[in-house]
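Here the structure is laid out as structure tokens; the discussion comes afterwards.
These values consider heavy atoms only, across backbone and side chains, with no hydrogens, waters or symmetry-generated copies. Proteins get letters first, then strands, A, B, ... in listed order; numbering begins at 1 in each. These numbers come from a predicted model, not from an experiment.
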There are 2 protein chains.
Amino acid sequence: MNRSPKNIQARVEHLAERCRETGMNVTPQRVAVYRALLESEDHPTPEMLYQTVSREMPSLSVATIYKTLDALVSLGLVRTVPVDGDRRRYDANDETHHHLVCSSCGKVRDYTSVEFDALVPPRRVAGFAPKSVSVTLTGTCDDCNGSGKGGD
Amino acid sequence: MNRSPKNIQARVEHLAERCRETGMNVTPQRVAVYRALLESEDHPTPEMLYQTVSREMPSLSVATIYKTLDALVSLGLVRTVPVDGDRRRYDANDETHHHLVCSSCGKVRDYTSVEFDALVPPRRVAGFAPKSVSVTLTGTCDDCNGSGKGGD
DNA sequence: ATATATGCAAAGCTTTTGCTGAAGA
DNA sequence: TCTTCAGCAAAAGCTTTGCATATAT
């Protein structure tokens, strides 16, 4: 997605708006976590976000990461990514896109595809009302595949 | 997928073969867990499997569920399903298929679609070797939607 | 008889919760 | 000032691990 400073700035301002609309405070923690998510390319886990953001905000606590992520999800600005694995992964990308998941190291990347973007959920399935489609490509990343260098 | 007794029996025999090939014992626990997975339609969590299987095998322990699932995965008979959510979900379905996920209650169901089945992973993406495609439809099930369960 | 697996209980992680002082509006 | 939030620490939930006994072959 578009990670230009300009776009990120616009998104952060959008966060501020949405907070005000909902009576939520615009805190530095929320801005920093959202910004980190916007800047990331790897669909970080809460732990990864904690590592990243606490560098610039050492007082940050893990609990705040979790609470902030919940808040961002309920504002509709962020979502969790459907992947196998034990850790939650987050995504601030609101454009249509899909994911590559390495079955070996668990790394997740965005994947955009005209073909996949064209998929539309059926209007109705028995007992279920679909809203969105997401495609996951599972395979191996070069770090895991190429040589046993252990991925990251 | 095909849940006929005949097919399930054949799959269980396949499990036995694979065990022998790998020097693993064919234990009642492994058979029971695999069978429960084959018979299920809801991509159970380890906890759900424990509930189900321990009814007929009360001595079963949760640790055995986890160890057995790991074993079945490494035999290639079972896989985890990519969904949002905090719990692992398993799938013994080896046919091409996709999933419906209720974003409210987390329920997961198989979904088959000619259109989605036709999707083929790109042979190569920069830095990544895709192997399989899975489509996830996210939405709400009728139980959560509250409203009309009028089919489609 | 021997190697492998089960069951138990304890440990390890990730995520959630309750509370108090701090900060945003 | 008043409400909402961050940080802390404790708790809760899910998964893994080590070990002794039991089981498969």
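- Here dT6(C) presents its P atom at 9 Å from CG of Leu60(B), a figure rounded to the nearest Å.
- In this structure, of dC8(D), dT16(C), dA24(D), it is dC8(D) that holds the atom nearest to the side chain of Ser61(A).
- Classified by interplanar angle (parallel below 30°, tilted 30° to 60°, perpendicular above 60°), the ring pair His43(A)/His99(A) is perpendicular.
- The distance from atom OH of Tyr66(B) to atom P of dC14(D) is 7 Å, rounded to the nearest whole Å.
- Checked against dG24(C), dT16(D), dT15(C), the side chain of Pro28(A) finds its nearest nucleotide in dG24(C).
- For Ser59(B), counting side-chain heavy atoms from C-beta on, the closest listed nucleotide (dG7(C), dT4(C), dT16(D)) is dG7(C).
- Between dC5(D), dT16(C), dA6(D), one nucleotide has an atom nearer to the side chain of Gln29(A) than all others, and that is dA6(D).
- In the set dT4(D), dT6(C), dC8(D), the nucleotide with an atom closest to the side chain of Arg30(B) is dT6(C).
- Between the CD atom of Gln51(A) and the P atom of dC13(C) there is a distance of 14 Å, given to the nearest Å.
- Nearest to the side-chain atoms of Thr27(A) among the listed nucleotides dG7(C), dC14(D), dA6(D) stands dA6(D).
- Of the candidates dT15(C), dA9(C), dG24(C), the closest approach to any side-chain atom of Ala63(B) belongs to dA9(C).
- Residue Thr64(B) is classed as a base contact, given a heavy-atom separation below 4.0 Å to a base.
- Computed from coordinates, the Asp70(B) CG to dT4(C) C1' distance equals 16 Å when rounded to whole Å.
- Picking from dA24(D), dT15(C), dT15(D) the nucleotide with the shortest atom distance to the side chain of Pro46(B) gives dT15(D).
- Here dG7(D) is the nucleotide among dC14(D), dA5(C), dG7(D) with the atom lying nearest to any side-chain atom of Lys67(A).
- For the pair Arg3(B) (side chain) and Ser40(B) (backbone), a donor-acceptor distance under 3.5 Å is present.
- Exactly one residue among Glu13(A), Arg11(A), Lys6(A) makes a side-chain hydrogen bond (donor to acceptor under 3.5 Å, both in side chains) with Gln9(A). That residue is Glu13(A).
- Atom CZ in Arg88(B) sits about 13 Å away from atom C1' in dG13(D), given to the nearest Å.
- Residue Val33(B) is not grouped with residue Met48(B) when hydrophobic side chains (ILVMFWY) are merged at heavy-atom distances under 4.5 angstrom, including chains of intermediate members.
- Contacts of Arg89(A) classified as salt bridge (Lys or Arg N to Asp or Glu O under 4.0 Å), with partners at least two apart in sequence or in another chain: none.
- Looking at heavy-atom distances under 4.0 Å, Val26(A) makes contact with sugar-phosphate atoms alone, never a base.
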